[in-house]
**Student:** 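My questions will all concern the structure given below.
Every number for a ligand or one of its atoms is a count from 1 in the order of the listing.
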Amino acid sequence: MATMEYREIGCTDLRVSILGFGAAPLGNAYGETNPEDATRAVHHAIHQGINFFDVSPYYGLTLAEERLGVALKGHRNEVVLMTKCGRYGLDNFDFSAARLHHSIDESLTRLRTDHVDILLAHDIEFGDMQQILEETIPALRKIQQQGKTRYIGVSGLPLGVLKQAVETKLLDVVLSYCRYNLMIQDLDRYLTPVAKKLNVGLINASPLHMGMLTKSGAPDWHPAPQALKKVSHDAFEYCQKLGGSLPEVALRFALDYLPVASTLVGMRSVAEVDRNLKTVASTNDPALLEAVQHVIGSMMNRTWPSGRLENSDALLLGIPQS
Ligand code: NAD
């Protein structure tokens, strides 16, 4: 088994591997994933010490949960399982208490378990923040009291709404994505200090900027502006020219960010799991890292709009949007 490090998530009693398994690719978010490959990847990950799995009914419109549920048969007790609720399609959101109560039951059926460890409201920037704070979060607590989840939290892209949710002191966990990796690090300025102060567990997702920092580049649905996609492609080529591998440099960079309990990477094959496990045991060459960051240059720390205008970082935090 590879040497794995584990950290506690905030004030919970959950200890998770610093490399977490993101299951979005199991729902074909990054091209067709063969179901047997998916199962093998999950089993291999568990065998090698990865114990943290993240999924959502949104990924592949329930396919990822279904596939993860199949793969976890007989392994449920070996993993910390996180799923989400409130997002059910590209433009399909329902953060009402009634929908959330059905949603968790549907997720538990697909995941073939009687409880998850963490349940998150998914992409809260698409909701009405008054509803999120006054109806959604209390509904998550109710679901927790019913024993269907051990802990609760929220996820999203803009940091202002995540900060607002954390400041209610009603959450155990917050998941941020595409805000701390080689292309951007503003998580550290806007969310990490408050999460730390209130001891809310911080999870960082998408260290490869949702595929942008890989050879295949950003998938068609990736919302980043073209200029960002181009610079990440240039960075990939330059890193390769210098004898490096950008996904490895990028993952190592994210793993070096210690305030987070775990870094979630989307994985869909045994080979990818192995490559990422190797990175856990590696260090970045500072000269290579600097050279790659130099290519990113002024495109560093750019993001894109997500969700309702009133929930944007432009309005809540004054961060310019690309
Ligand atoms: P990511 O940045 O982890 O990139 C995933 C892509 O990189 C996939 O195509 C994968 O096959 C590929 N990949 C993985 N390891 C590789 C390697 N070593 N070499 C080359 N390619 C490699 O993006 P992601 O999957 O979107 O994010 C990680 C996980 O975080 C998701 O699967 C999901 O579980 C979670 N997430 C949650 C939210 C949210 O709650 N709103 C948003 C984004 C991600």
**Student:** If you measure from each non-hydrogen atom of H122 to ligand 1, which part falls under 4.0 Å: side chain, backbone, both or neither?
**Tutor:** side chain
**Student:** Using a strict threshold of under 4.0 Å (side-chain N to carboxylate O), is an ion pair present between R252 and D285?
**Tutor:** no
**Student:** Are a donor atom and an acceptor atom from the side chains of E65 and T83 found within less than 3.5 Å of each other?
**Tutor:** yes
**Student:** Quick one: does Y59 get a heavy atom under 4.0 Å from ligand 1?
**Tutor:** yes
**Student:** Is there a polar contact between ligand 1 and Y177, counting only N or O atoms under 3.5 Å apart?
**Tutor:** no
**Student:** Keeping the roles fixed (side chain from R268, backbone from E32), state whether a donor-acceptor pair exists under 3.5 Å.
**Tutor:** yes
**Student:** Output yes when the distance from some N or O of ligand 1 to some N or O of A24 is under 3.5 Å, and no in every other case.
**Tutor:** yes
**Student:** Enumerate the atoms of ligand 1 whose separation from the nearest heavy atom of D123 is less than 4.0 angstrom.
**Tutor:** 39 (C), 41 (N)
**Student:** I want to know if ligand 1 touches M210 in the polar sense, i.e. an N/O pair below 3.5 angstrom.
**Tutor:** yes
**Student:** Under 4.0 Å, heavy-atom basis, I'd like to know which part of K215 is in contact with ligand 1: side chain, backbone, both or neither.
**Tutor:** neither
**Student:** Check each of A41, P219, G266, G217 against atom 5 (C) of ligand 1 and report the one with the nearest heavy atom.
**Tutor:** G266
**Student:** Below 30° counts as parallel, above 60° as perpendicular, anything between as tilted: where do the rings of H222 and W304 land?
**Tutor:** perpendicular
**Student:** Side chain or backbone, does T214 bring an N or O within less than 3.5 Å of an N or O on ligand 1?
**Tutor:** no
**Student:** Would you say Y6's side chain and G49's backbone share a donor-acceptor pair under 3.5 angstrom?
**Tutor:** yes
**Student:** Nearest protein heavy atom to atom 1 (P) of ligand 1, by residue and atom, and its distance?
**Tutor:** S206 CA, 3.8 Å
**Student:** Within the 3.5 Å criterion, strictly below it, is a donor on S17 or N51 matched to an acceptor on the partner's side chain?
**Tutor:** yes
**Student:** Got the closest protein heavy atom to atom 7 (O) of ligand 1, with its distance?
**Tutor:** L208 CD1, 3.6 Å
**Student:** With heavy atoms under 4.0 Å as the rule, classify the contact between E248 and ligand 1 as side chain, backbone, both or neither.
**Tutor:** neither
**Student:** Return a yes/no value for M267: is any of its N or O atoms, backbone included, closer than 3.5 angstrom to an N or O of ligand 1?
**Tutor:** no
**Student:** Ignoring hydrogens, what is the shortest heavy-atom contact between E66 and R112? Give both atom names and the distance.
**Tutor:** OE2-NH2, 2.9 Å
**Student:** Of the listed options (F53, Y58, Y30), which comes nearest to atom 23 (O) of ligand 1 when hydrogens are ignored and any heavy atom counts?
**Tutor:** Y30
**Student:** Is ligand 1 under 4.0 Å from a heavy atom in the side chain of L175, in the backbone, in both, or in neither?
**Tutor:** side chain
**Student:** In terms of atom number and element, which parts of ligand 1 are under 4.0 angstrom from non-hydrogen atoms of A23?
**Tutor:** 32 (O), 34 (O)
**Student:** Under 4.0 Å between a Lys/Arg side-chain N and an Asp/Glu carboxylate O for D123 and K84?
**Tutor:** no
**Student:** Evaluate the ring planes of Y30 and W221, with Trp represented by its six-membered ring, and classify them as parallel (under 30°), tilted (30 to 60°) or perpendicular (over 60°).
**Tutor:** perpendicular
**Student:** Just to be sure I'm reading this right: ignoring hydrogens, which of H222, K278, E272 gets closest to atom 22 (C) of ligand 1? Compare them by their nearest heavy atoms.
**Tutor:** E272
**Student:** Do ligand 1 and A205 have nitrogen or oxygen atoms that lie under 3.5 Å from each other?
**Tutor:** no
**Student:** For T39, does its backbone N or O pair with a side-chain atom of R67 as donor and acceptor, under 3.5 Å?
**Tutor:** no
**Student:** Students should be able to answer this: which protein heavy-atom is nearest to atom 34 (O) of ligand 1, and at what distance?
**Tutor:** D54 OD2, 2.5 Å
**Student:** I need the atoms of ligand 1 closer than 4.0 Å to a non-hydrogen atom of G22, numbered in the order shown.
**Tutor:** 29 (C), 31 (C), 32 (O), 34 (O)
**Student:** So is R87 actually on top of F126's ring, under 6.0 Å and inside 45° of the axis?
**Tutor:** yes
**Student:** Check contact between M212 and ligand 1, using heavy atoms of the residue and a distance below 4.0 angstrom.
**Tutor:** no
**Student:** For H122 together with Y59, are the ring centres under 6.0 Å from each other?
**Tutor:** yes
**Student:** Report the nearest protein non-hydrogen atom to atom 4 (O) of ligand 1: residue, atom name, distance rounded to 0.1 Å.
**Tutor:** G211 N, 3.4 Å
**Student:** Can you list the ligand 1 atoms lying under 4.0 Å from a non-hydrogen atom of P207?
**Tutor:** 2 (O), 3 (O)
**Student:** Find out whether the Lys NZ or Arg CZ of R99 is both under 6.0 angstrom from the six-membered ring centre of Y88 and within 45° of the ring's axis.
**Tutor:** yes
**Student:** Considering non-hydrogen atoms only, spot the tightest contact between F253 and L182 and give its length.
**Tutor:** CD2-N, 3.6 Å
**Student:** Provide the number and element of each atom of ligand 1 under 4.0 Å from a heavy atom of P25.
**Tutor:** 32 (O)
**Student:** Answer yes or no: is there a donor N or O on one side and an acceptor on the other, between the side chain of D186 and the main chain of N301, under 3.5 Å?
**Tutor:** no
**Student:** What's the shortest distance from atom 15 (N) of ligand 1 to any protein heavy atom, and which residue and atom give it?
**Tutor:** N276 ND2, 3.0 Å
**Student:** Can you list the atoms of ligand 1 that are under 4.0 Å from a heavy atom of S155?
**Tutor:** 39 (C), 40 (O), 41 (N)
